Amino acid sequence: MDDARTGLPPWPWEQDDCPNYQSGDYPAKSHRRNAVERYYRLPDGSSSAYHVVETYEPGWAGRNIDDVRRVLLRCARYPVLGSQVSFDVVDPHYLKGAGMLIRGRIAHRDVPDTVTYFVMLKRGETVSTVRLPDPGSKAAVDSIAARAVARLG
């Protein structure tokens, strides 16, 4: 672990550049009791994974998942500064239904696309969201996701 900050970091699904995104349309984020963000170096040292663990008031973690699904629908594709941002739900029942696996992509004109994976897991009133640069294989994503599940213990 490289860095840990306590407090309430931004909700991991804010999409201020998306024309269809209105922050007030997603009420669950205002019912977070606590949130902690951490950054981890990937094993090859190439870049960092970002991890937010949020605790919600009773009943609100499930509503948060619904809010995230709405963001992914409303902001499935949108332009930003000459690039195209997109989100695809790779597996809506990831890790035997414990989470969701999402692929984010920024398509650039003159350089290779930037691909990021998001692993979102819910256990009780806790929601864990890991954002990691494309590690090159689904097995690597699965390994990182398994560690995130273990941390939720």
Side-chain angles (χ1 to χ4, degrees), residues 7-40 42 47-149 151-152:
L8 290 178
W11 189 52
W13 298 97
E14 296 284 350
Q15 297 296 316
D16 293 331
D17 291 325
C18 173
N20 296 325
Y21 180 84
Q22 297 294 321
S23 186
D25 291 345
Y26 308 97
K29 65 184 173 180
S30 66
H31 293 273
R32 298 190 300 170
R33 286 186 166 170
N34 191 25
V36 178
E37 64 183 345
R38 294 182 174 90
Y39 294 87
Y40 300 93
L42 296 182
S47 55
S48 296
Y50 173 71
H51 188 196
V52 176
V53 178
E54 305 165 288
T55 305
Y56 285 84
E57 295 171 7
W60 283 94
R63 293 177 193 177
N64 176 64
I65 303 297
D66 295 338
D67 282 356
V68 171
R69 286 188 175 111
R70 281 199 319 278
V71 168
L72 294 171
L73 286 172
R74 290 181 183 172
C75 297
R77 291 185 182 0
Y78 62 91
V80 176
L81 301 173
S83 297
Q84 185 76 21
V85 173
S86 63
F87 293 100
D88 297 297
V89 177
V90 176
D91 186 344
H93 306 289
Y94 190 55
L95 298 174
K96 299 177 185 173
M100 192 170 15
L101 178 62
I102 299 117
R103 180 179 44 245
R105 181 181 312 268
I106 302 174
H108 310 281
R109 275 184 242 152
D110 302 328
V111 295
D113 292 355
T114 302
V115 175
T116 303
Y117 283 92
F118 299 83
V119 176
M120 188 169 154
L121 307 163
K122 177 187 169 294
R123 181 164 290 157
E125 294 302 325
T126 301
V127 177
S128 168
T129 304
V130 179
R131 180 183 74 206
L132 62 143
D134 185 359
S137 75
K138 176 123 175 359
V141 172
D142 291 347
S143 173
I144 291 166
R147 286 194 298 261
V149 168
R151 283 188 194 101
L152 287 178

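Just so you know, these numbers come straight off a predicted model, no measurement behind them. As a basis for the values below, the full set of heavy atoms in this structure was taken, side chains included, without hydrogen atoms, waters or symmetry mates.
When all heavy atoms of L8 and N34 are compared, the pair lying nearest together is CD2-C, 3.6 Å. When all heavy atoms are compared, the tightest approach of T116 to R131 is CG2-CG, 3.3 Å. Closest approach of G124 to A61, counting heavy atoms only: O-CB, 3.6 Å. Heavy-atom minimum distance, S128 versus H51: OG-NE2, 2.6 Å. Nearest approach of A49 to L132, heavy atoms of both residues: CB-CB, 4.0 Å. The two residues A28 and Y56 come nearest to each other via the heavy atoms O-CE2, 3.3 Å.
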E14 and Y21: CA distance, side-chain angles, deciding distance, side chain to side chain donor-acceptor pair (under 3.5 Å) verdict: CA-CA 8 Å; E14 296 284 350; Y21 180 84; 2.7 Å; yes

Determine, stepwise, if the pair N64 / W11 fulfils side chain to side chain donor-acceptor pair (under 3.5 Å). CA-CA 10 Å; N64 176 64; W11 189 52; 2.8 Å; yes

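With contacts defined as side-chain heavy-atom distances shorter than 4.5 Å, the pair P12/K29 does not qualify. By the 4.5 Å heavy-atom criterion applied to side chains, M120 and V52 are not counted as neighbours. At least one side-chain heavy atom of Y50 sits under 4.5 Å from a side-chain heavy atom of P9. Y78 has its side chain out of reach of N20: every pair of non-hydrogen atoms, C-beta onward, lies at least 4.5 Å apart. Within the 4.5 Å cutoff, no side-chain heavy atoms of F118 are placed close to those of L72. Contact check for R74 versus Y26: side-chain heavy atoms found under the 4.5 Å cut-off.
How far CG of D91 is from NZ of K138: 6.5 Å, rounded to the nearest 0.5 Å. Atom SG of residue C75 and atom CG of residue D17 lie 9.5 Å apart, to the nearest 0.5 angstrom. One finds the CD1 atom of I102 at 12.5 Å from the OG atom of S86 (value rounded to the nearest 0.5 Å). Rounding to the nearest 0.5 Å gives a distance of 12.0 Å between CZ of R105 and CZ of F87.
Counted within 6.0 Å of NE2 on H108, heavy atoms from surrounding residues, nucleotides or ligands total more than 12; the atom is thus considered enclosed.
Judged by distance alone, with hydrogens and angles left aside, the side-chain atoms of E125 form a donor-acceptor pair with the main-chain N or O of G59 at under 3.5 Å.
In this pair, H31 and W60 present their aromatic rings parallel. The plane angle is below 30°, not in the 30 to 60° band.
For R32, the side chain to side chain donor-acceptor pair (under 3.5 Å) criterion is met by E54, not counting sequence neighbours.
Salt bridge present: R70 and D67 bring a charged side-chain N and a carboxylate O closer than 4.0 Å.
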